[in-house]
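Since the structure is predicted, the reported quantities are computational estimates derived from the model, not experimental observations. Every chain is numbered from 1 and lettered A, B, ... according to where its sequence line falls, protein lines coming before strand lines. What's counted below: heavy atoms across the whole structure, side chains too, no hydrogens, waters or symmetry copies.
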Amino acid sequence: MESSKQVKLTTLRDAIATLVPDGATVAMEGFTHLIPFAAGHEIIRQGKRDLILVRMTPDVIYDQMIGVGCARKLVFSWGGNPGVGSLHRFRDAVEHGHPHPLELEEHSHAGMAARYTAGASGLPFAILRAYIGTDLAKHTEMATIRCPFTGEELAAVPALSPDVTIIHAQQADRSGNVGMWGITGVQKEAALAARTTIVTVEEVVDELSPRGPNHVVLPSWTLAAVAPVPGGAHPSYAMGYSTRDNAFYTGWDEISRDRDVFDGWVEEHILGTEDHVSYMESIGRGEGIG
Amino acid sequence: MESSKQVKLTTLRDAIATLVPDGATVAMEGFTHLIPFAAGHEIIRQGKRDLILVRMTPDVIYDQMIGVGCARKLVFSWGGNPGVGSLHRFRDAVEHGHPHPLELEEHSHAGMAARYTAGASGLPFAILRAYIGTDLAKHTEMATIRCPFTGEELAAVPALSPDVTIIHAQQADRSGNVGMWGITGVQKEAALAARTTIVTVEEVVDELSPRGPNHVVLPSWTLAAVAPVPGGAHPSYAMGYSTRDNAFYTGWDEISRDRDVFDGWVEEHILGTEDHVSYMESIGRGEGIG
Amino acid sequence: MAELQPAPSSYSSDEMMTVTAARFLSDGQVCFVGIGLPSEAANLARLSHAPNVVLIYESGTIGTRPDVLPLSIGDGELAEKAEFVVGVPEVFAYWLQAGRIDVGFLSAAQIDRFGNLNSTVVGEYEAPKVRLPGAGGAPEIATSAGEVIVMLRHSVRAFVPSVDFVTSVGFGRGGEGRPEGAGRGPTVVITDLGVLRPDESSNELTLVATHPGVSGEEVRVKTGWDLEVAPDLAVTDPPTDQELEILRDLKTRTEAAHSG
Amino acid sequence: MAELQPAPSSYSSDEMMTVTAARFLSDGQVCFVGIGLPSEAANLARLSHAPNVVLIYESGTIGTRPDVLPLSIGDGELAEKAEFVVGVPEVFAYWLQAGRIDVGFLSAAQIDRFGNLNSTVVGEYEAPKVRLPGAGGAPEIATSAGEVIVMLRHSVRAFVPSVDFVTSVGFGRGGEGRPEGAGRGPTVVITDLGVLRPDESSNELTLVATHPGVSGEEVRVKTGWDLEVAPDLAVTDPPTDQELEILRDLKTRTEAAHSG
């Protein structure tokens with residue numbers, strides 16, 4: 001029952017190696033829930049460089065990728081450690097150019113969401129009522145546009161169509177159709193806006209079966225690769241499979257404050273491990289994964 | 001647990017009497033599934049006039065409303081009897097001005113869907129790639145707009161914000177939150193775009209519980225009235241509650257071809273009945289309703 | 001009193017039309033399907049040579065595999081058998097407009113020599129002789145799908161020199177060609193008599209095949225303009241026994257379901 | 001070794017702040033809520049005097065009634081206890097931008113005398129002293145919500161004469177007023193010391209109440225501009241025993257859940 005258009009299940013390592021070139025514009029989305037951490041670690045392991053990283057809410061995984069020097073530019077709307085505080089590697093890059101300067105392009109959440117929606121819709125831009133009275137308008141890519149019917153002036157933002165979008169989902173079936181539920185953020189739009197979409201999943205099942213609200217399906221023929229990576233969202237979570245590892249987020253503050261501590265942590269736990277299973281063991285979260 | 005903002009469950013008769021004034025712009029949506037027939041019949045019973053009727057797919061219920069003279073204008077994208085053929089009362093109004101002339105404003109489905117989406121989003125217009133190379137552009141409300149980033153010329157259509165939107169759904173809970181599933185068409189957008197939204201439902205339940213895909217919820221505080229009307233979509237259907245009465249649709253062709261036959265049918269079955277229960281009995285579909 | 005069953009090798013012109021259209025679909029293609037003959041053809045393809053064809057109906061049912069043909073675009077069967085269901089705004093924005101559709105099927109009341117389609121009015125727009133249903137999804141299917149397959153029964157009323165209203169653009173009123181960035185447009189027109197294709201240089205619809213037993217002259221008589229006929233006019237392969245069996249089973253199941 | 005439990009009538013300045021903010025919410029209002037103090041205040045209101053307050057988090061959880069406070073805006077608890085969940089593009093387009101929000105809560109690193117908020121940078125944008133997280137949902141909450149409640153702890157670092165960057169507009173850099181059609185903006189600023197309201201004619205934030213035991217002079221000292229004090233300066237009612245009990249139960253449940 002497979003045709004040429006249907007995605008083949010693959011490994012995360014192969015997907016990153018073959019589909020994520022240096023210099024690519026890469027969006028890794030997940031709104032607190034379902035963040036593709038394992039994929040980010042694999043990008044670090046494979047030493048990808050000069051990436052334009054895109055994400056509404058760059059959090060710890062982007063802090064890690066920025067800290068090791070994967071990124072030359074960040075396109076975002078809110079960069080923090082949710083519920084904890086600053087992203088120290090992100091701040092070090094912006095405030096002190098370490099490990100190298102990081103170009104920024106920032107929007108509001110509404111602007112980023114509209115940009116992805118335009119990308120998913122095949123439109124070159126989106127309109128929204130945004131940025132009114134702010135200094136953001138001067139520091140971001142936007143234009144104003146007048147309603148041809150009412151004369152109201154609105155914001156226009158360019159469509160966002162990443163070279164590669166990477167997301168994590170709960171399930172794939174054996175044909176590579178992907179199902180996710182709960183808080184799905186902007187993932188559907190980010191996946192449909194991209195030229196190439198990679199999905200890591202908790203589980204491969206015979207039939208997609210939501211165990212929560214807001215079920216979203218991405219058919220296999222819109223995807224480039226699907227890789228089973230159980231626990232691949234850790235320390236984020238996958239509703240129905242895992243809970244958020246809040247202790248990891250809190251602990252990250254300490255690890256990321258100091259350049260050397262951070263470098264050592266990456267060396268030991270990411271570069272020093274082969275894959276997500278051995279990574280989880282190395283950080284002491286091996287139970288129940290893999 | 002009820003506050004001022006929460007809708008009260010009411011009767012269809014009261015909802016139409018108090019919330020649908022003559023001359024209003026009224027959208028009754030339903031994409032084959034969940035068409036609010038009972039509400040249309042109640043509008044006919046109450047003798048509403050000069051309505052601007054809006055609907056992507058005006059079908060038999062609009063044929064009836066146009067045929068009795070409720071409407072002065074129709075805003076639409078496809079007017080037919082699905083799977084059967086013409087809407088004879090609609091054609092009679094357009095081709096011969098019977099019972100009186102009917103003003104038309106027509107779009108494509110894509111255009112109408114975008115107009116409702118703009119309305120639901122609080123924007124004055126929507127952009128889309130549409131009407132290219134057609135004569136529609138000359139006969140509809142649209143403008144062209146240039147992308148400020150790429151220069152591409154796109155279509156702009158004005159937002160659609162009906163005075164009243166009426167839809168039929170499967171369930172409401174006791175607080176007036178509404179749940180529907182299956183083919184939900186443009187109902188969410190039409191409901192959220194309207195100043196006043198009326199929903200008829202198959203059933204009032206303790207907790208909304210979808211029995212099919214694509215569950216859509218409209219919270220009570222976005223609605224003006226919710227009225228239980230079991231079978232209120234007939235001859236359309238409500239997934240999980242009823243099936244489409246294809247024989248009625250086929251039979252409508254005969255009834256609607258002739259002005260006198262149509263007038264007699266309306267007199268007997270709509271004007272001659274009190275409510276949806278007695279209407280269903282009068283057309284021989286009384287079983288299992290009410 | 002059993003009804004007379006035709007031998008498998010005997011078939012109607014509508015069956016020939018449906019079978020021909022089905023053959024134009026390849027496995028794995030993503031198709032935007034309308035009700036009627038296109039739906040028959042697309043499902044026949046899915047049940048025969050193209051099991052992984054992805055069928056999308058504008059009601060928002062994506063990847064649907066109905067057991068029986070829908071009577072309306074929003075039949076419950078389409079939702080129950082779909083991989084997933086989305087709202088109508090999404091199906092037009094994220095799926096059609098975004099360029100995810102390989103093949104769109106269209107029909108119409110009129111088609112002209114340059115493949116433009118009319119489903120709006122016969123006669124003047126302001127004072128129509130016949131008011132037709134209108135555009136529906138057609139204008140954007142015509143320009144957003146990778147290619148368009150047109151299905152239309154042959155008659156001089158339908159095949160007119162110039163349509164009364166361009167609801168969906170083919171190669172333009174004067175045959176000037178496709179709008180920029182709008183896909184290949186109508187690559188084939190399949191009728192109950194034969195198959196037409198736009199000429200690569202003139203964009204004019206040209207008869208390239210007739211169905212078995214139909215002459216080129218018969219098609220020309222039923223066409224409202226001076227129809228070009230390809231020098232190497234082919235004859236369509238008749239339906240195979242298997243094609244007919246699958247199609248008739250599908251229609252038998254459908255009738256049973258809809259009269260039930 | 002049981003920990004010392006404060007008597008209900010003893011409370012912290014953060015508790016006073018949260019309780020004060022909760023009281024500004026009326027039953028049935030629709031609130032767009034952020035993480036931290038706003039989430040505490042909104043849920044306290046829901047669990048006390050405003051059981052039908054509708055809480056919307058930008059993660060897409062609508063009408064949610066969490067048993068414990070979320071640590072992040074996308075905690076599973078918010079989705080599990082929501083009336084329904086939608087995608088992030090929808091929450092901003094159909095729910096916030098469409099004007100369905102009565103009250104938006106905002107916080108920031110800096111606020112100025114005209115209620116403008118900064119959560120982007122301290123210092124120059126191109127060479128910041130401190131790079132803050134950025135805008136998130138704030139700029140559109142500030143202009144699309146019917147009114148905005150600001151919660152911010154008092155200090156001269158936070159209460160500055162003019163913000164380094166306007167992330168969310170209050171009454172404009174020069175206090176010129178609200179953008180047209182943009183709602184009432186910050187109607188109240190609640191701090192750990194008291195309550196400020198914009199003056200109706202000057203749009204300048206004015207101290208209208210202090211919390212019990214706080215003097216107007218103390219607030220002026222911790223404000224980075226020459227703060228106006230209302231002639232009829234009020235004193236906030238202290239938290240009731242019931243308010244404190246509900247708030248502390250909520251926080252105890254929350255700590256247990258997040259450390260578990």
Side-chain angles (χ1 to χ4, degrees), chain A residues 1-8 113-127 159-162 165 169-181 184 186-195 197 205-210 214-224, chain C residues 25-33 42 45-57 60-65 78-104 137 139-146 179-183:
Chain A
M1 291 292 283
E2 275 182 6
S3 80
S4 56
K5 271 223 177 173
Q6 280 183 313
V7 71
K8 294 273 188 302
R115 296 188 64 195
Y116 278 123
T117 301
S121 303
L123 290 174
F125 74 110
I127 53 171
L160 195 44
S161 296
T165 285
Q170 281 105 334
Q171 300 180 334
D173 67 19
R174 293 180 203 288
S175 307
N177 299 302
V178 163
M180 56 186 166
W181 61 86
T184 59
V186 76
Q187 285 100 299
K188 178 171 185 166
E189 287 73 19
L192 294 179
R195 266 179 280 278
T197 298
V205 294
D206 289 330
E207 198 165 345
L208 303 180
S209 56
N214 188 35
H215 192 228
V216 169
V217 174
L218 290 167
S220 61
W221 51 274
T222 62
L223 307 173
Chain C
L25 281 186
S26 306
D27 199 19
Q29 283 189 313
V30 180
C31 305
F32 208 87
V33 188
R46 179 176 63 82
L47 294 168
S48 54
H49 67 281
N52 295 299
V53 73
V54 177
L55 304 189
I56 299 182
Y57 289 74
T61 54
I62 298 188
T64 187
R65 302 168 170 273
L78 294 175
E80 278 156 23
K81 302 293 162 56
E83 280 179 2
F84 59 112
V85 181
V86 300
V88 162
E90 180 181 322
V91 85
F92 281 101
Y94 288 9
W95 301 89
L96 179 61
Q97 180 177 262
R100 285 178 231 285
I101 308 298
D102 298 316
V103 180
E140 288 75 36
I141 295 172
T143 51
S144 291
E180 204 188 310

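Taking both residues in full, the closest heavy atoms of C/R100 and A/W221 are given as O-CZ3, 3.8 Å, listed atom of the first, atom of the second, then distance. Here the closest heavy-atom approach between residue A/A120 and residue C/A98 is recorded as O-CB, 3.2 Å.
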> C/E83 and A/D173: side chain to side chain contact (heavy atoms under 4.5 Å, CB included), yes or no, with the steps?
Replying inline: CA-CA 11 Å; C/E83 280 179 2; A/D173 67 19; 5.9 Å; no
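Interface remark: C/F84 contributes side-chain atoms only to the contact with chain A (heavy atom separation under 4.5 Å).
The closest donor-acceptor contact from the side chain of C/Q97 to the backbone of A/S121 lies under 3.5 Å.
How far CD1 of C/I62 is from OG1 of A/T222: 9.5 Å, rounded to the nearest 0.5 Å.
Your options are A/L123, A/L208, A/V217, A/L192, and the one with the most heavy-atom pairs under 4.5 Å with chain C is A/L192.
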